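This one's a predicted model, so the numbers in the text were calculated from it and none came from an experiment. Chain letters run A, B, ... following the sequence lines, proteins first and then strands; every chain starts at 1.
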Number of protein chains: 2
Amino acid sequence: MNHNLQEHLPECEAHEEHAELIEKGRAHLPELTELYDLSDFFKVFGDSTRLGILFAIDGTPMCVCDIAQTLGMTKSAVSHQLKVLRQNRLVKYSKVGKNVFYELSDDHVRDIIEKALEHIEEN
Amino acid sequence: MNHNLQEHLPECEAHEEHAELIEKGRAHLPELTELYDLSDFFKVFGDSTRLGILFAIDGTPMCVCDIAQTLGMTKSAVSHQLKVLRQNRLVKYSKVGKNVFYELSDDHVRDIIEKALEHIEEN
DNA sequence: ACAACAGTTGAACAACTGTTCAACTATAGG
DNA sequence: CCTATAGTTGAACAGTTGTTCAACTGTTGT
């Protein structure tokens with residue numbers, strides 16, 4: 001994933017009164033690596049296919065084929081996105097014969113989505 | 001923003017036992033438009049520059065120039081991202097002379113970020 | 001009125017992302 | 001052993017995204 005917060009020379013005048021503001025702002029900034037981890041995490045939720053998968057398997061473990069049918073997509077496309085969800089530990093899976101059943105890895109996922117829905121519905 | 005959950009013909013066999021699963025999965029799916037709104041919302045958080053801005057102005061309203069300096073970026077880049085944040089109502093602003101001060105629009109923003117941080121730190 | 005600075009904007013470009021396609025592995029059943 | 005189906009994977013392609021650059025608006029101070 002791409003990350004390019006560059007070390008750049010400031011181009012506007014740092015008036016003395018604002019120097020303090022900048023110091024304060026910097027104090028609120030987490031480590032850059034943490035910022036990257038966080039944005040990477042949100043990126044995973046920033047795709048309707050992946051969200052659709054998460055909603056579909058919420059409470060009901062499903063195999064790839066069925067998820068694909070539920071969303072009206074190809075197995076391949078779903079599998080690619082499941083890989084992303086797996087890598088970010090948002091889903092876990094278990095094999096049963098030819099099938100691979102996916103389910104939400106924990107309740108945190110639900111929490112985050114709900115918070116976001118709350119915000120959207122307020123506006 | 002791009003959205004292409006297509007209506008696609010299923011390509012795998014819908015064995016009878018799974019028909020029920022698919023029905024259940026579909027029941028969990030929100031309206032497509034809601035899915036799109038939700039993923040669009042998360043996309044906004046899925047960029048380290050925008051997150052950096054949100055952290056910087058958390059508790060301390062700042063002008064564009066100072067945000068740019070805090071993050072080590074150009075005013076232009078910051079302004080472009082502030083536009084996105086504005087359009088999604090995550091920040092509000094007030095003009096003071098030549099300066100435009102930006103601040104978080106409400107506490108919801110903080111909540112969502114905190115939830116995500118919790119999840120990340122658990123892994 | 002003019003110069004200087006804050007901020008915004010649109011076009012252009014490079015980098016990234018998601019879907020498709022084809023090829024592949026693996027398991028079940030005859 | 002052979003075939004059919006479930007699932008994964010890599011390459012390729014089109015669409016999207018973020019930064020840069022240059023040009024622009026608007027406000028302050030002289």
**Q** Rounded to whole angstroms, how far apart are CG on Asp47(A) and C1' on dC16(C)?
**A**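 Rounded to the whole Å, the gap is 13 Å.
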
**Q** It should be established whether Ser76(B) places a side-chain nitrogen or oxygen under 4.0 Å from OP1 or OP2 of nucleotide dT20(D).
**A** no

**Q** Return whichever of Gly46(A) or Val96(A) has its heavy-atom-nearest nucleotide of DNA chain C closer to the 5' end.
**A** Gly46(A)

**Q** Starting the side chain at C-beta, find the nucleotide from dT17(C), dT9(D), dG7(C) nearest to Lys83(A).
**A** dT9(D)

**Q** Measure from the side-chain heavy atoms of Cys65(B) and tell me the nearest of dG7(C), dT19(D), dC21(C).
**A**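 Side chain of Cys65(B) sits closest to dG7(C).
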
**Q** Tell me whether the side-chain N/O atoms of Ser79(B) come closer than 4.0 Å to OP1 or OP2 in dA6(C).
**A**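 Answer no for this pair, as no side-chain N or O of Ser79(B) is under 4.0 Å from OP1 or OP2.
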
**Q** Find the distance Gln87(B):CD to dT8(C):P and express it as a whole number of Å.
**A**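 So the CD-P distance, Gln87(B) to dT8(C), works out to 12 Å.
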
**Q** Measure the spacing between CG of Leu104(A) and CD1 of Ile53(A) and express it to the nearest 0.5 Å.
**A** 11.0 Å

**Q** Measuring from Phe101(A):CZ to Met62(A):CE, what's the distance to the nearest 0.5 Å?
**A** 9.0 Å

**Q** More 5' along DNA chain C: Arg86(B) or Lys95(A), using each one's nearest nucleotide?
**A** Arg86(B)

**Q** Among dT19(D), dG7(D), dT20(C), which is the nearest nucleotide to the side chain of Ala77(A)?
**A**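 So the side chain of Ala77(A) is nearest to dT20(C).
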
**Q** Looking only at the side chain of Lys98(A) (C-beta and beyond, no hydrogens), which of the listed nucleotides dT9(D), dG7(C), dT27(C) gets closest?
**A** dT27(C)

**Q** Measure from NZ on Lys75(B) to P on dT27(D) and round the result to the nearest Å.
**A**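 To the nearest whole Å, that distance equals 16 Å.
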
**Q** Please state how far atom CZ in Phe42(B) lies from atom C1' in dT16(D), giving the value in whole angstrom units.
**A**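 Taking atom C1' of dT16(D) as the reference, CZ of Phe42(B) is at 20 Å.
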
**Q** Could you state the CD-P distance from Gln69(B) to dC5(C), rounded to the nearest angstrom?
**A**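 Nearest whole value for this atom pair: 14 Å.
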
**Q** Using only side-chain N and O atoms of Asn99(A), determine if any of them is under 4.0 Å from OP1 or OP2 of dT27(C).
**A** no

**Q** How long is the line joining CD1 of Ile53(A) and C1' of dG18(C), in whole Å?
**A**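 Checked: the CD1 to C1' distance equals 12 Å.
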
**Q** Would you indicate, yes or no, if dT19(C) has its OP1 or OP2 atom less than 4.0 angstrom from a side-chain nitrogen or oxygen of Arg50(A)?
**A** no

**Q** To the nearest Å, how far apart are Asp66(B) CG and dA6(C) C1'?
**A** 11 Å

**Q** OP1 or OP2 of dT8(D) less than 4.0 angstrom from a side-chain nitrogen or oxygen of Tyr102(A), does that happen here?
**A**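 So the side chain of Tyr102(A) is within the cut-off, an N or O lying under 4.0 Å from OP1 or OP2 of dT8(D).
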
**Q** Return the value, rounded to whole Å, for the distance between atom CG of Asn88(A) and atom P of dT17(C).
**A** 12 Å

**Q** At less than 4.0 Å, is any side-chain N or O atom of Gln81(B) found next to OP1 or OP2 of dT19(D)? Yes or no.
**A**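 It does, given that an N or O in the side chain of Gln81(B) lies less than 4.0 Å from OP1 or OP2 of dT19(D).
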
**Q** Looking only at heavy atoms, which two atoms of Leu54(A) and Val109(A) are closest? And how far apart?
**A**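 Taking Leu54(A) first and Val109(A) second, the nearest heavy atoms are CD1-CG1, 4.1 Å.
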
**Q** Nearest 0.5 angstrom please: Arg50(B) CZ to His80(B) NE2, how far?
**A**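 Reported value, rounded in 0.5 Å steps: 12.5 Å.
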
**Q** Does the Ser48(B) side chain pair with the main chain of Ser39(A), one donor and one acceptor, at a distance under 3.5 Å?
**A** no

**Q** Compare the aromatic ring of His80(A) with the six-membered base ring of dT8(D) and state whether they stack according to the 5.5 Å and 30° rule.
**A** no

**Q** Angle between ring planes, His108(A) versus His119(B), binned at 30° and 60°: parallel, tilted or perpendicular?
**A**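 Perpendicular: the ring planes of His108(A) and His119(B) meet at over 60°.
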
